[in-house]
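What follows is a set of notes on a single structure, which appears directly below.
Quick note: residue numbers are just sequence positions, from 1.
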Amino acid sequence: MRLDFKGFELKSLDDSQGEGVFSGYASTWDKDLYDDVIVKGAFAGTLENDYGGTGAGIPIHWQHKDDKPTDIIGETLSAVEDEHGLLVTARLDLDLPEGKRAYDLLKRGLIHQMSIGYIAEETAFVQDGKSAWDGYREIRQLKLFEISLVQVAANQGAEVLEVKSGHAISASNESKLRAALDSLHEVLDGIDSADKKPDDDTDDSDPTDTSTDDSDDSKRKDQKSFDPQWAEEYKTISDFFSLEH
């Protein structure tokens with residue numbers, strides 16, 4: 001038995017549904033690089049007959065490999081046809097080194113495409129030009145066996161929309177972090193004010209008068225030192241709250 005493969009692109013990341021979970025389009029209704037078009041409804045039979053109507057339990061493979069058990073790195077939680085294509089939500093098995101590695105690559109954006117392994121059960125040639133040879137294969141019904149994470153996909157329209165990192169923050173912890181962020185802003189404002197020089201650079205003081213030296217030294221000691229590590233931690237917190245979820 002020979003499976004056909006079609007690939008689609010994963011797109012963006014999120015952190016709302018748990019670690020190891022990603023979602024996106026395993027197939028779209030667009031023409032792929034092989035001039036094939038899968039039409040809406042082509043997955044209806046296989047989702048109903050092979051995956052309980054919900055699309056749960058479709059194996060997730062790595063690069064369509066299927067010669068050993070560890071090539072299956074996860075499974076779908078759901079799969080449904082919509083106006084754009086076959087939208088799937090899947091969870092990778094992070095207990096497997098292969099699953100954890102694939103998840104890390106997804107989060108880093110180094111892998112962002114999917115591909116499906118299937119057998120076309122009902123097809124037709126659709127002519128779309130003057131010549132009898134101008135046209136494409138329309139796939140009207142298929143049997144789906146697996147979905148793979150791949151580096152290069154045949155259909156560039158299929159996208160992974162979200163990768164769940166499992167680091168959602170509770171409302172209580174969020175309020176604490178925001179309060180800490182406000183305090184950090186106040187510290188920075190104090191540092192900026194202390195570093196500003198007067199507009200008048202003329203020095204009318206007596207160069208022999210050292211009576212204010214001790215006072216100046218005391219003020220400098222009271223100022224918080226701008227430690228690079230502290231600044232980096234501030235930037236991390238600030239960047240987190242600037243993200244749009």
Side-chain angles (χ1 to χ4, degrees), residues 1-14 16-18 20-66 71-93 99 102-103 105-107 109 111-126 128 136-164:
M1 180 181 66
R2 178 184 178 277
L3 296 186
D4 289 328
F5 304 117
K6 293 191 181 301
F8 307 89
E9 184 179 1
L10 291 80
K11 199 170 186 180
S12 62
L13 314 182
D14 187 27
S16 59
Q17 292 188 10
V21 178
F22 69 92
S23 61
Y25 286 96
S27 176
T28 72
W29 315 134
D30 301 324
K31 184 183 296 185
D32 66 19
L33 298 180
Y34 297 117
D35 285 337
D36 285 341
V37 174
I38 298 177
V39 300
K40 186 178 180 181
F43 292 95
T46 192
L47 292 179
E48 181 65 33
N49 300 326
D50 302 322
Y51 303 106
T54 65
I58 304 170
I60 303 297
H61 288 229
W62 175 255
Q63 294 280 152
H64 296 299
K65 293 180 179 179
D66 59 2
D71 292 331
I72 300 176
I73 59 175
E75 63 181 316
T76 58
L77 303 177
S78 66
V80 60
E81 290 185 327
D82 66 13
E83 294 305 314
H84 185 65
L86 182 67
L87 179 63
V88 304
T89 299
R91 175 176 284 116
L92 296 177
D93 187 348
Y103 181 53
L105 293 174
L106 280 176
K107 290 193 294 182
I111 292 292
H112 53 84
Q113 295 187 325
M114 284 188 287
S115 179
I116 60 173
Y118 68 98
I119 290 177
E121 296 180 317
E122 182 181 336
T123 66
F125 182 79
V126 177
D128 64 354
Y136 58 89
R137 184 176 69 152
E138 186 175 85
I139 300 172
R140 299 176 177 176
Q141 182 176 317
L142 57 79
K143 185 176 181 65
L144 182 63
F145 287 92
E146 54 93 358
I147 299 170
S148 284
L149 292 174
V150 297
Q151 291 176 287
V152 179
N155 189 318
Q156 297 294 300
E159 305 167 327
V160 170
L161 299 176
E162 298 176 335
V163 177
K164 317 293 186 179

For the residue pair Q151 and Q113, establish whether any side-chain heavy-atom pair is separated by less than 4.5 Å. no
With rounding to the nearest 0.5 angstrom, report the CD1 to OG1 distance, I38 to T28. 8.0 Å
With heavy-atom distances below 4.5 Å as the criterion, would you say the side chains of M114 and V88 are in contact? yes
Smallest heavy-atom separation, A56 atom then L77 atom, equals CB-O, 3.3 Å
Look at the side chain of S148 and the backbone N and O of V150, then say whether any donor-acceptor pair between them is shorter than 3.5 Å. no
CG of D66 to NE2 of H61, rounded to nearest 0.5 Å, is 6.5 Å
Residues which pass side-chain contact (heavy atoms from CB on, under 4.5 Å) with T123, listed by chain and number, not counting sequence neighbours: A120, R137, I139
Is there a side-chain contact between W62 and I111 (heavy atoms, below 4.5 Å)? yes
Between R91 and E75, does the side chain to side chain contact (heavy atoms under 4.5 Å, CB included) criterion hold? Intermediate values first, please. CA-CA 6 Å; R91 175 176 284 116; E75 63 181 316; 5.8 Å; no
side-chain contact (heavy atoms from CB on, under 4.5 Å) with A90: which residues, sequence neighbours excluded? F22, I60, T76
Compare all side-chain heavy atoms of V21 with those of T89 and state whether any distance is below 4.5 angstrom. yes
To the closest 0.5 Å, what do you measure between OH (Y51) and CD1 (I58)? 5.5 Å
Would you give the length of the straight line joining atom CG of L149 to atom OG of S115, rounded to the nearest 0.5 angstrom? 10.0 Å
Side-chain touch S78/T54, heavy atoms, less than 4.5 angstrom: no
All heavy atoms of A26 vs all of I116, minimum pair found to be O-CG2, 3.2 Å
Assign the ring pair F43 / W29 to parallel, tilted or perpendicular, where the plane angle (0 to 90°) is split at 30° and 60°. tilted
N/O donor-acceptor pair under 3.5 Å between D36 side chain and D32 backbone: no
Minimal non-hydrogen separation, A102 against I73, with atom names: CB-CD1, 3.8 Å
Side chain to side chain contact (heavy atoms under 4.5 Å, CB included) for Y25 and H84? Distances and angles first, verdict last. CA-CA 8 Å; Y25 286 96; H84 185 65; 3.5 Å; yes
Can you list the residues that meet the salt bridge (charged side-chain N to carboxylate O under 4.0 Å, His left out) rule with D93, with sequence neighbours excluded? none
Please list, chain by chain and in numerical order, all residues satisfying side chain to side chain donor-acceptor pair (under 3.5 Å) with D35, sequence neighbours excluded. none
Run the side-chain contact (heavy atoms from CB on, under 4.5 Å) test against D128 and tell me which residues pass, sequence neighbours left out. K31, D134, Y136
In Å and rounded to the nearest 0.5 Å, what is the CG to CD distance from D71 to Q63? 10.5 Å
The salt bridge (charged side-chain N to carboxylate O under 4.0 Å, His left out) partners of K65 (sequence neighbours excluded) come to none
With side chain to side chain contact (heavy atoms under 4.5 Å, CB included) as the test, would you mind laying out the steps for L47 and V80 before giving the verdict? CA-CA 8 Å; L47 292 179; V80 60; 5.8 Å; no
Side chains of K143 and Y118 in contact at under 4.5 Å (non-hydrogen atoms): no
Considering only residues two or more places apart or on different chains, which pairs with a residue in residues 76-90 satisfy salt bridge (Lys or Arg N to Asp or Glu O under 4.0 Å)? K40-E83
Using modelled atom types only, decide if a donor and an acceptor are shared between the side chain of T46 and the backbone of L144 within a distance under 3.5 Å. yes
Run the side-chain contact (heavy atoms from CB on, under 4.5 Å) test against E122 and tell me which residues pass, sequence neighbours left out. R140, Q141
